[in-house]
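What's counted below: heavy atoms across the whole structure, side chains too, no hydrogens, waters or symmetry copies.
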Amino acid sequence: MSDSFKGQVLCSLAMVTVGSTVVVSRIIGQDMEPFLATVLRHALALPVFAVLMHLSRARLPRVNARDALLLLVQAAAGSVGYSVLLIQGVNLSSAADAGIVAGTLPAASALFAALLLGERPGIRLALSIALATVGVMAVAMAPDAGTQVPTR
């Protein structure tokens, strides 16, 4: 099995877990504020990471100032920002609509890779980005978009 195929399988598994966060965010958002839920989520994840690092005998790496800044920005935007916005978004829309929008994460990542990293998408990737965009537009532009009241 090639490294590229292994990477694609791992990314696919990651997207499956992202899909479950929509459902969990809907449940969490009914009972607590998004910022509190995000803090608790990360606080509970820390011991899990510590155990996994111990079991794999991994050590904390030395991080230079540039990498530390990148990690801080990614944590703020990619982890905390994503969680807070997802919980709040699922509270204000239906979970199905939020799932469609969250499902565009791979396409959005591919688009950013093309725009910011200079990667050249092939025809399949370009078609995937277009289809994901059409899916979001279909949800956002539906005649009843924004009128659906979430059940609590």
Side-chain angles (χ1 to χ4, degrees), residues 1-137 139-140 150:
M1 185 181 321
S2 72
D3 284 346
S4 177
F5 182 72
K6 287 179 189 176
Q8 291 171 0
V9 168
L10 292 172
C11 286
S12 296
L13 291 172
M15 291 305 102
V16 168
T17 62
V18 165
S20 70
T21 61
V22 172
V23 175
V24 173
S25 293
R26 176 64 174 230
I27 295 167
I28 288 171
Q30 292 176 352
D31 295 326
M32 68 179 74
E33 293 296 318
F35 287 103
L36 176 61
T38 301
V39 167
L40 292 174
R41 175 181 158 203
H42 291 296
L44 293 170
L46 185 58
V48 173
F49 280 124
V51 168
L52 291 174
M53 285 183 68
H54 176 73
L55 292 175
S56 66
R57 299 174 196 222
R59 294 190 177 180
L60 290 176
R62 293 181 189 258
V63 180
N64 62 35
R66 178 185 170 274
D67 289 343
L69 179 63
L70 287 173
L71 287 169
L72 178 67
V73 169
Q74 196 282 329
S79 297
V80 175
Y82 172 80
S83 296
V84 170
L85 293 171
L86 181 65
I87 292 168
Q88 190 64 31
V90 172
N91 279 336
L92 298 174
S93 68
S94 74
D97 288 354
I100 296 295
V101 174
T104 64
L105 178 61
S109 298
L111 184 60
F112 281 120
L115 294 175
L116 300 176
L117 301 177
E119 293 186 11
R120 298 290 167 232
I123 188 70
R124 290 184 325 172
L125 186 57
L127 183 61
S128 299
I129 293 169
L131 287 172
T133 303
V134 168
V136 170
M137 290 172 55
V139 169

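Applying the side chain to side chain donor-acceptor pair (under 3.5 Å) test to pairs two or more places apart or on separate chains, none has a residue in residues 118-127.
Taking 4.5 Å as the limit, some side-chain heavy atom of Lys6 sits within range of a side-chain heavy atom of Asp3. Looking at Leu60 and Met53, their side chains come closer than 4.5 Å, going by heavy atoms from C-beta outward. Residues Arg41 and Ile28 are not in side-chain contact: their nearest non-hydrogen atoms beyond the backbone lie 4.5 Å or more apart.
In the displayed structure, Leu10 atom CG is contacted under 6.0 Å by more than 12 heavy atoms of other residues, nucleotides or ligands. Heavy atoms of other residues, nucleotides or ligands lying less than 6.0 angstrom from CD of Gln74 number more than 12.
Closest non-hydrogen pair, Gln88 versus Pro34, comes out as OE1-CG, 3.1 Å. Nearest approach of Pro47 to Ala43, heavy atoms of both residues: CD-O, 3.1 Å. Heavy-atom minimum distance, Ala110 versus Leu125: CB-CD1, 3.6 Å. Considering all non-hydrogen atoms of both residues, Ile87 and Gly29 come closest at CG2-CA, 3.7 Å. Nearest heavy atom pair, residue Val63 against residue Ala68, reads CG1-N, 3.3 Å. Across Leu40 and Met32, no two heavy atoms sit closer than the pair CD1-SD, 4.0 Å.
Every residue two or more places apart in sequence or in another chain was checked for a side-chain hydrogen bond (donor to acceptor under 3.5 Å, both in side chains) with Thr38, and none qualifies.
Here the OH atom belonging to Tyr82 is positioned 4.5 Å from the CG atom belonging to Leu86, to the nearest 0.5 angstrom.
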